[in-house]
Chemist: 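This is the structure I have questions about; it appears just below.
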Amino acid sequence: MEILNNLKDPKDVSKLSIDEKLKLAKEIRKTIIKTVSKNGGHLSSNLGVVELTIALLSKLDLSKDFVIFDVGHQIYPYKLLTNRFDKFATLRQYNGISGFPKREESPYDFFGTGHAGTSISAALGACIGKELLNKEGKVVAIIGDGAMTCGMALEAFNYLGHTKSDLTVILNHNEMSISPNVGALARTLLELRTHPFYKNFKSTIETLSNRLPNGKTFLDFALRFRDAFKEVLIGKCFFEELGINYYGPIDGHNLKLLEYTIERTLNHPGPKVLHVVTKKGYGYKMSEENPTFYHSAPKFEISTGKPIHKDISFTKIFSEEIVEIARNDKNVVAITAAMPDGTGLTKFAKEFPDRFFDVGIAEQHAVTFAAGLSTQGLKPVVAIYSTFLQRAYDQVIHDVALQNLPVIFVLDRSGLCGPDGPTHHGAFDVSFLMPIPNLHIFVPSDEIDLKNMLRHSINLNKPVIIRYPKGKILSKRSNASTDFDEPELLNKGSKIAILSIGPISWRCLDMLEKNNLTKEVSIFAFKKIKPWSEKTEKIFREILETHQKIITVEENSTIGGFGSYCLFIASKFGLADKFLDILGFPDYFMPHGDNESILKQIGLDEESILKSINNFLNLQITSKKLENIAKKS
Ligand SMILES: Cc1ncc(C[n+]2csc(CCOP(=O)(O)OP(=O)(O)O)c2C)c(N)n1
Ligand SMILES: CC(=O)[C@@H](O)[C@H](O)COP(=O)(O)O
Ligand SMILES: [Mg+2]
């Protein structure tokens, strides 16, 4: 990595010749492919923005300019060019560098992202902040066509057209969200991009500007000529209607053209959008052919592109079961906010295209849209990641729960999301959903529970949440009770009772078996955590009365989670003193890395749970011994 190795400062990029920059682009791609093949990560989006990032750093001065990447999953080339080449092999690993922009990680990561659609609002805030404080520097937001479908992005454009601030938005258009981008806006952008005048004109000027000795002057003339015709040819475009200047579309892999146009755009005062066209996955055959698979790539073999291994997950079980259910119930419809693959709805979409709705990255709309569907007697299933449901909290309360509408929310990634880190860990859903009246909240411990809960929920006629984490399924049983009011007894012990939710229950069982503690410790896996029926309360009371101590275990924040709810009920019985420990996620944002290291850090690994149990058991032994000594004397 001859060039990457020698870049000591982001400013050095601008000092390279065009040939060196082209070589640099190759080195960046090679480094990204190598690292992502070992660590997993967002391959396709990063390969698509290599030239764009080089061009941007050639034209920005990061000592005063400010740049924000929307979602931030495309930040790898930027990290490589902002003094993180030497740490890049640690990408997404525990104690390594993050896969997203992170303010604590580098002074060049100006704004943290991970969820889509925030860049223009944050950039506009920074821009107006600079104006008010008389600070120097340009502000740039880079946003993909997928993220442009977010309500927040559109809200920010609305305000930008009003403030007329000197903000540059670079729209990276590759026709892809994680899957192909959808919606009317995607169509409008495509019209801008594929207009025959633009297409032919673009290729002619680009070829000529590369060949002519005075390419820059020619390019300038040609682009001015094109702009003059823009309105006549395609009418005022979306952005210009809002009072925002529009440049483009330009080829996002043509470095010379990019540099030239970025400079020209930055120097134009006021609000503006530069429309850049790229190919997602560019430069690696496998990701060009299947950008969706390599969007969030698992570890893979570079020569074949094959993933190293794949576990059976809750997502896969949901994917198959919901199709089975829908075959027998034509009222079942499914909704995703731009994540048919991640949530497991691709199969459903293929078999029932008319009953499947990908609404774009628009979680708030997805939830209220589902509520609307349910008013007509349909049975909407909203498949969504826990962390993205945070976006639609009010919609869950105001549009679904308050009206008691039968929408089923299937929350994937509820729990640790390992290398994606704090923006993606599903750490809060139990805490933020438990207080909402009318919700029925289920937590499967394995695939059988999930299937049973789905079938039960589809006919419940109530708002439902089913939450489960990413990762492999741990139990190997072949049937389970469908009485979700009754916590499932996984092991009967005499002294301590572990009350748990989700697949971590099976890890606890494994831990007891390995440590010969099955006689001392019971495990109860709770299945429906809201509302508690009289039966659940009765069983809970019996558990309290028949055990000396209680430990709760969950993959959710300990604050406001399952454990604290149990403690609340126990206190009503006057039995709160039975609680030995409430184990779950801590009151700080957990880092990225492998789940095992994170669990260890937060005291939710087997060893830590064991320690909590042994502390009590050893204490009992010691006090027994002391009692005996006292008796003898
Ligand atoms: C609020 C929110 N919903 C969903 C996601 C998941 N997600 C991450 S990237 C992405 C697609 C983004 O597409 P685009 O902005 O066009 O970027 P590209 O990957 O095409 O470069 C989605 C849906 C997210 N990060 N945030
Ligand atoms: C950036 C983003 O939000 C998604 O790409 C997410 O990282 C995907 O996660 P999974 O790989 O768990 O589907
Ligand atoms: Mg895109």
Side-chain angles (χ1 to χ4, degrees), residues 36 40-50 52-53 69-77 92 98-101 113-120 141-153 170-183 185-186 189-190 193 252 275-282 287 291-299 307 310 313-315 336-344 358-366 383-392 412-426 469-471 592 595:
V36 175
H42 290 96
L43 187 67
S44 313
S45 312
N46 282 288
L47 294 181
V49 297
V50 174
L52 176 58
T53 311
F69 289 86
D70 206 282
V71 186
H73 64 312
Q74 74 291 54
I75 199 171
Y76 304 173
R92 290 161 47 90
S98 163
F100 294 98
T113 46
H115 289 201
T118 62
S119 64
I120 305 169
I142 296 154
I143 185 165
D145 52 332
M148 268 283 294
T149 63
C150 287
M152 255 192 98
I170 297 186
L171 169 60
N172 173 28
H173 187 192
N174 54 19
E175 290 179 49
M176 296 294 290
S177 189
I178 294 179
S179 309
N181 202 13
V182 291
L185 198 61
L189 291 178
L190 198 63
R193 171 181 171 160
H275 185 174
V276 171
V277 174
T278 60
K279 185 168 178 56
K280 194 158 173 171
Y282 191 69
S287 56
T292 300
F293 180 79
Y294 296 96
H295 170 87
S296 172
K299 295 173 189 174
K310 207 164 172 18
S313 60
F314 283 101
T315 314
T336 176
M339 309 210 63
D341 287 86
T343 58
D358 178 352
V359 299
I361 311 179
E363 288 80 8
Q364 296 168 312
H365 164 65
I384 190 165
Y385 287 9
S386 164
T387 192
F388 301 139
L389 187 67
Q390 290 165 191
R391 275 280 163 93
D412 204 323
R413 299 344 186 234
S414 294
L416 288 180
C417 282
D420 270 352
T423 50
H424 284 65
H425 294 316
K470 187 176 183 170
H592 66 268
N595 281 354

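Below, each value reflects all heavy atoms present in this structure, side chains not excepted, and no hydrogens, waters or symmetry copies. Counting convention: from 1, in listed order, for ligands and their atoms alike. Here the structure is a predicted model, which is why all the values come from computation and not from measurement.
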Chemist: Who's the nearest protein heavy-atom neighbour of atom 7 (N) of ligand 1, and how far?
Modeler: I178 CD1, 3.8 Å
Chemist: Please check: side-chain N/O of T292 versus main-chain N/O of I178, any donor-acceptor pairing under 3.5 Å?
Modeler: yes
Chemist: Measure the distance from atom 26 (N) of ligand 1 to every protein heavy atom, then report the residue, atom name and distance (to 0.1 Å) of the closest one.
Modeler: A116 N, 2.9 Å
Chemist: What atoms of ligand 1 come closer than 4.0 angstrom to any heavy atom of R391?
Modeler: 1 (C)
Chemist: Show the atoms of ligand 1 that are less than 4.0 angstrom away from any heavy atom in A338.
Modeler: 23 (C)
Chemist: Determine whether the aromatic ring centres of H424 and H592 lie less than 6.0 Å apart.
Modeler: no
Chemist: Any side-chain donor-acceptor pair under 3.5 Å between D145 and S177?
Modeler: no
Chemist: Any side-chain to backbone donor/acceptor pair from R92 onto G421? Under 3.5 Å, distance only.
Modeler: no
Chemist: Note the single closest protein heavy atom to atom 3 (N) of ligand 1, along with its residue, its atom name and the distance in Å.
Modeler: E363 OE2, 2.6 Å
Chemist: Does any N, O or S atom in M176 come within less than 2.8 Å of the Mg ion (ligand 3)?
Modeler: yes
Chemist: What protein heavy atom sits nearest atom 23 (C) of ligand 1, and how far away is it?
Modeler: I361 CD1, 3.5 Å
Chemist: Do any N/O atoms on H73 end up under 3.5 angstrom from N/O atoms on ligand 2?
Modeler: no
Chemist: If we set the cut-off at 4.0 Å for heavy atoms, which region of V71 has an atom near ligand 2: side chain, backbone, both, or neither?
Modeler: side chain
Chemist: Out of S177, P180, G146, G281, who is nearest to atom 11 (C) of ligand 1 when you count heavy atoms only?
Modeler: S177
Chemist: Who's the nearest protein heavy-atom neighbour of atom 12 (O) of ligand 2, and how far?
Modeler: K470 NZ, 2.7 Å
Chemist: In the protein, what heavy atom is nearest to atom 21 (O) of ligand 1, and what distance, to one decimal place, separates them?
Modeler: N174 ND2, 3.4 Å
Chemist: Using a 4.0 Å heavy-atom cut-off, say whether H73 meets ligand 1 through its side chain, its backbone, both or neither.
Modeler: side chain
Chemist: Heavy-atom pairs closer than 4.0 Å: do any link ligand 2 to the side chain of H115, the backbone, both, or neither?
Modeler: neither
Chemist: In the protein, what heavy atom is nearest to atom 5 (C) of ligand 1, and what distance, to one decimal place, separates them?
Modeler: F388 CZ, 3.3 Å
Chemist: Please confirm whether the ring centroid of H73 lies under 6.0 Å from the ring centroid of F100.
Modeler: no
Chemist: Any idea which atoms of ligand 1 are less than 4.0 Å away from a heavy-atom of S45?
Modeler: 18 (P), 19 (O), 21 (O)
Chemist: Look at atom 15 (O) of ligand 1 and say which protein heavy atom is nearest, naming residue and atom and giving the distance to 0.1 Å.
Modeler: A147 N, 2.9 Å
Chemist: Distance under 4.0 Å to a non-hydrogen atom of H295: what atoms of ligand 1 satisfy this?
Modeler: 9 (S), 19 (O)
Chemist: May I ask you to identify the nearest protein heavy atom to atom 2 (C) of ligand 2, giving residue, atom name and distance to one decimal place in Å?
Modeler: H424 NE2, 3.2 Å
Chemist: Which residue and non-hydrogen atom of the protein lie closest to atom 10 (P) of ligand 2, and at what distance in Å?
Modeler: R413 NH2, 3.4 Å
Chemist: Taking 2.8 Å as the cut-off, does an N/O/S atom of N174 lie below it from the Mg ion (ligand 3)?
Modeler: yes
Chemist: Can you report which non-hydrogen protein atom sits closest to atom 13 (O) of ligand 2, along with the distance?
Modeler: Y385 OH, 2.6 Å
Chemist: For the side chain of N174 and the backbone of K279, is there at least one donor-acceptor N/O pair under 3.5 Å apart?
Modeler: no
Chemist: Checking a contact table here: which protein heavy atom is nearest atom 9 (O) of ligand 2, and how many Å away?
Modeler: D420 OD2, 3.4 Å
Chemist: Among protein heavy atoms, which lies nearest atom 4 (C) of ligand 2, and at what distance?
Modeler: H42 NE2, 3.6 Å
Chemist: Looking at atom 25 (N) of ligand 1, what's its closest protein heavy atom, distance included?
Modeler: G114 O, 3.0 Å
Chemist: Can you tell me which residue and heavy atom of the protein come closest to atom 11 (O) of ligand 2, and the distance to 0.1 Å?
Modeler: S296 OG, 2.6 Å
